[in-house]
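What follows is a single structure, written as structure tokens, with notes after it.
Counting starts at 1 for both ligands and their atoms, following the listed order.
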Amino acid sequence: MERRSFIRQTGLAGVLAAGMAPAVVHAQANIRWRLASSFPRSLDTIFGGAEVFAKKVSDLSSGKFQISTHAGGELMPPFGVVDGVQGGTVEVAHTAPYYFFGKDETFAIACAIPFGLNSRQMTAWMYEGNGLKLMREFYAKYNIISFPGGNTGAQMGGWYRKEINSLEDIKGLKMRIGGFAGKVLERIGGVPQNIPGGEIYQALEKGTIDAAEWVGPYDDKKLGFNKVAQNYYYPGWWEGGPQLDIMINTKAYEALSHEYKTIIEVAASFAHVDMQAKYDARNPAALKELVAAKVKLLPFPKTVMDAAFKESMALYSELSAKNANWKKVYEDYSNFRRDQNLWFRFTESTFDRYMQSVQL
Ligand code: CA
């Protein structure tokens, strides 16, 4: 009997009962992609996000879709990854888009801008608001389609050799600060320094810089900053919820089957949730260890926060007047931020503050 008519007549159960394996169609090709990260391998949570993504893609495709992950500098410089994806040198990048604000400030909105959205709000804007749609529209100019690929949660405000007691202490302060935030630090009198992760410790130890921010307790402790600067400030007002992006070359993505495109989307979402979970789970223990090692945990003075807020808003207005891409994305982002803070004020914030005030 011809196989197809046999299946039609007997149904799948009949096929199995007859000991005949149903024809499983594996039309999917074997695919090999390369991913360039902007991060060193030693950062197991951030670089690890790329590995989590690649492993999930492999598992979901029964090993047919392989993505090799490469640390910053292996295939291209850490800040060369957008060019790498745009030009098709690699199919994928995993990065913090605010590094690329020099190309266009709009990149920063996909990651973190001072006094921006927190991690929960950012995910809501991306998946449910217009965030992903607007950023993809912008990224299309660079032959890129993006997927949220992790979030660190609110970061710490960094390590300072001397205490910061007023805005005066920011004047002339030489500080290593990530990405776009340097623009605001500059406006309140600081001197932003662009130093790669591996060189911060030495610069802080020598006094070449007065302060440095990196991520939060888990990552900062690994780099040992507490040995050379004891004042650890919070919060990182420039990174309330920085998001990482998985950027894919549009042509490579469009060549995928519907099934593989879905696998990419699902694996990216998994990596997105996984990174925040890791940071939230690991930061408390690291913070306890730092405090036990005599680190002074200090809040930024309100005057410093207020000045930074004012300058941030002024900067955003200036950018809206001269950069149409920024204006379009920021307008939607800032409306979303206003409503989110209205909502969180009654719910998350009130609940969290109460829980943090009682003995647990
Ligand atoms: Ca940072």
Side-chain angles (χ1 to χ4, degrees), residues 37-40 42-49 72 78-79 81 94-102 105 107-119 121-122 148-160 164 170 173-186 188 190-201 203-204 209-226 228-229 231-245 275-276 278-280 282-283 286-287 290 295 297-300 304-305 308-309 312:
S37 168
S38 290
F39 308 106
S42 55
L43 290 176
D44 60 335
T45 36
I46 292 197
F47 177 77
F79 301 151
V81 301
H94 187 234
T95 191
Y98 64 16
Y99 290 141
F100 306 94
F101 74 89
E105 292 90 352
F107 274 95
I109 306 178
C111 184
I113 57 173
F115 303 99
L117 298 170
N118 70 23
S119 167
Q121 297 165 349
M122 189 68 180
N151 199 307
T152 67
Q155 297 197 359
M156 288 293 283
W159 302 86
Y160 297 74
I164 302 295
I170 300 287
L173 183 88
K174 279 196 270 178
M175 177 172 180
R176 185 274 169 196
I177 190 162
F180 183 74
K183 281 181 176 282
V184 175
L185 181 70
E186 210 162 25
I188 60 170
V191 186
Q193 309 282 308
N194 197 11
I195 301 172
E199 294 165 31
I200 303 173
Y201 181 93
L204 201 54
I209 54 173
D210 308 304
E213 67 88 34
W214 184 237
V215 181
Y218 182 72
D219 289 329
D220 292 4
K221 193 174 148 283
K222 274 196 272 188
L223 295 182
F225 298 142
N226 57 305
V228 284
N231 304 298
Y232 198 21
Y233 276 83
Y234 63 89
W237 43 262
W238 51 93
E239 285 172 293
Q243 181 186 286
L244 289 305
D245 258 352
M275 187 185 295
Q276 183 67 78
K278 283 190 171 121
Y279 273 113
D280 285 342
R282 294 174 186 185
N283 273 326
L287 183 64
L290 288 170
V295 161
L297 207 52
L298 298 161
F300 280 121
V304 170
M305 297 282 287
F309 178 80
S312 299

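- E213 has its closest N, O or S atom to the Ca ion (ligand 1) at the position named OE1.
- Looking at residues two or more places apart in sequence or on another chain, you find a ring-ring contact (aromatic ring centres under 6.0 Å, His included) between F101 and F180.
- The only member of L117, T152, I46 that meets side chain to side chain contact (heavy atoms under 4.5 Å, CB included) when paired with P242 is T152.
- Nearest N/O/S atom of E239 relative to the Ca ion (ligand 1): this is OE1.
- Checked by atom type, the side-chain pair N151/Y279 shows no donor-acceptor distance below 3.5 Å.
- Annotation: angle subtended at the Ca ion (ligand 1) by Q155 OE1 and W214 O is 80°, to 10°.
- Evaluation of the ring-ring contact (aromatic ring centres under 6.0 Å, His included) rule for Y99 yields F79 as partners, not counting sequence neighbours.
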